[in-house]
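Whatever order the structure lists them in is the order used to number ligands and atoms, beginning at 1. What you see is a predicted model, and the numbers here were worked out from it, not measured in a lab.
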Amino acid sequence: MLTNNPFLAQLKNICEAYAAYPLANRSTFKIGGQAEFAAFPKTQAELCALIKLAKTCDVRARVFGNASNILFSSEGVSGLVIFTNQIKEISLEGENIRASCGVKLSSFCNLALKNELSGAEFAFGIPGTVGGAVYMNAGAHGGEISHILVESTCLDMRTGETLTLSASEHCFAYRTSVFEKGELLVLSSLFKLRKGTGEEIEAKMKEYTEKRKASQPLTMPSAGSVFKRPAVGFSGKYIEDAGLKGYKIGGAQVSEKHAGFIVNAGGATSCDVLALIEKIKTVVSEKFGVMLETEIIYVE
Ligand SMILES: Cc1cc2nc3c(=O)[nH]c(=O)nc-3n(C[C@H](O)[C@H](O)[C@H](O)COP(=O)(O)OP(=O)(O)OC[C@H]3O[C@@H](n4cnc5c(N)ncnc54)[C@H](O)[C@@H]3O)c2cc1C
């Protein structure tokens, strides 16, 4: 019985934890089977302790924020899945903000607004956490995390040591960073903002929200843009021009509103989404000679 599992008992000594944890409601795609184990640390220390325990017990541990860029396998996910979104410490340091990995980007932007600090407006509306956004070098409206990040405090999962990475050591590029290697975890990051006016910051945040509402299928479950921006043109435009808008496999559908999104139109499985991704790649490659690269991350 998993509920009597000694590993689970040790997880529970650290924080809230479960065996056979249903993942679908933890991801913005609303897709996923059960995680073998799931844990919900409330502090950076608990997160570090979980990683240490998993290493000692030889259990694979994977860390997520809001799982807004993730496709969990409908067959379930092995090992330990850790969600950081209860690690919420955030503080002002002059005109800078230091935020823990689990802080939602919306909370980060609202603190910046409250203190009339500008530079983070682009991130308002991205439904992720600081850790996920740093990993992905999330961006929108011409801004991205790399433009405002000063440094991150990280856990080296191989050694259990904490270290500070400067901005250049993050090796940021379009929707990627050094964290993709899977060796380091973001515990917290420091962001450099600048003095602005509340009216201007709020106006930008409102403008970006309206743009999202007008162009993205925000009322349906998704994981955002499925593909990275190709070297030339936009993935959504290629997919639309290929005649795939609205195309469906099982419960997975190319969004009618924005062809760069796949939505869960009801009961979609990870297999439906993966099959639709392959179909899109094949058709776009045949019609336009463009190889689309997947941005969302499949986890099994
Ligand atoms: C409707 C919608 C709109 C979106 N719009 C945008 C957009 O405009 N721009 C954009 O860039 N993205 C967008 N996204 C995608 C997504 O929100 C971002 O990539 C976001 O930054 C992911 O953050 P997260 O906390 O959800 O990370 P998750 O999805 O939980 O994880 C993403 C990756 O980061 C890793 N990770 C998470 N936390 C940590 C940590 N503490 N340390 C190390 N690695 C970690 C995970 O292991 C995973 O590999 C959108 C998604 C949706 C659903």
Structural part of Arg175 in contact with ligand 1, heavy atom criterion under 4.0 angstrom: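 Just the side chain.
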In ligand 1, which numbered atoms sit nearer than 4.0 Å to a non-hydrogen atom of [X]?
| X | result |
| --- | --- |
| Leu185 | 42 (N), 43 (C) |
| Ile297 | 33 (C), 48 (C), 49 (O) |
| Met136 | 19 (O) |
| Thr28 | 53 (C) |

Please list the nearest protein heavy atom to [atom] with its residue and the distance rounded to 0.1 Å.
| atom | result |
| --- | --- |
| atom 27 (O) of ligand 1 | Gly132 CA, 3.4 Å |
| atom 18 (C) of ligand 1 | Ile126 CG2, 3.9 Å |
| atom 25 (O) of ligand 1 | Thr129 OG1, 2.6 Å |
| atom 15 (C) of ligand 1 | Asn69 OD1, 3.5 Å |
| atom 33 (C) of ligand 1 | Tyr135 CD2, 3.5 Å |
| atom 8 (O) of ligand 1 | Arg212 NH2, 2.8 Å |
| atom 9 (N) of ligand 1 | Gly139 O, 2.7 Å |
| atom 53 (C) of ligand 1 | Gly224 N, 3.3 Å |

From the candidates Ile296, Ile70, Val63, the one that places a heavy atom nearest atom 46 (C) of ligand 1: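 Nearest option to atom 46 (C) of ligand 1, by heavy atoms: Val63.
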Closest to atom 21 (O) of ligand 1 among Gly65, Ser68, Ala133 (heavy-atom distance):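 Of the listed residues, Ala133 has the closest heavy atom.
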Summary of side chain to side chain donor-acceptor pair (under 3.5 Å) pairs that have at least one residue in residues 250-267, sequence neighbours excluded: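 Checked against side chain to side chain donor-acceptor pair (under 3.5 Å) - neighbours excluded - no pair reaches residues 250-267.
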Only pairs under 3.5 Å count here: list side-chain donor-acceptor contacts from residues 102-114, not counting sequence neighbours, and write none if there are none.
residue : atom : partner : partner atom : Å
Asn110  : ND2  : Ser106  : O            : 3.2

Parallel, tilted or perpendicular, as decided by the 30° and 60° cut-offs, for the rings of Phe72 and Phe83: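 The rings of Phe83 and Phe72 stand perpendicular, inter-plane angle above 60°.
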Residue that, paired with Leu292, satisfies side-chain contact (heavy atoms from CB on, under 4.5 Å) out of Thr282, Ile239, Val283: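 Considering Thr282, Ile239, Val283, a side-chain contact (heavy atoms from CB on, under 4.5 Å) with Leu292 is found only for Ile239.
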Steps toward ring pair (Phe, Tyr, Trp, His ring centres under 6.0 Å) verdict (Phe124, Tyr208): CA-CA 8 Å; Phe124 192 65; Tyr208 295 159; 9.1 Å; no
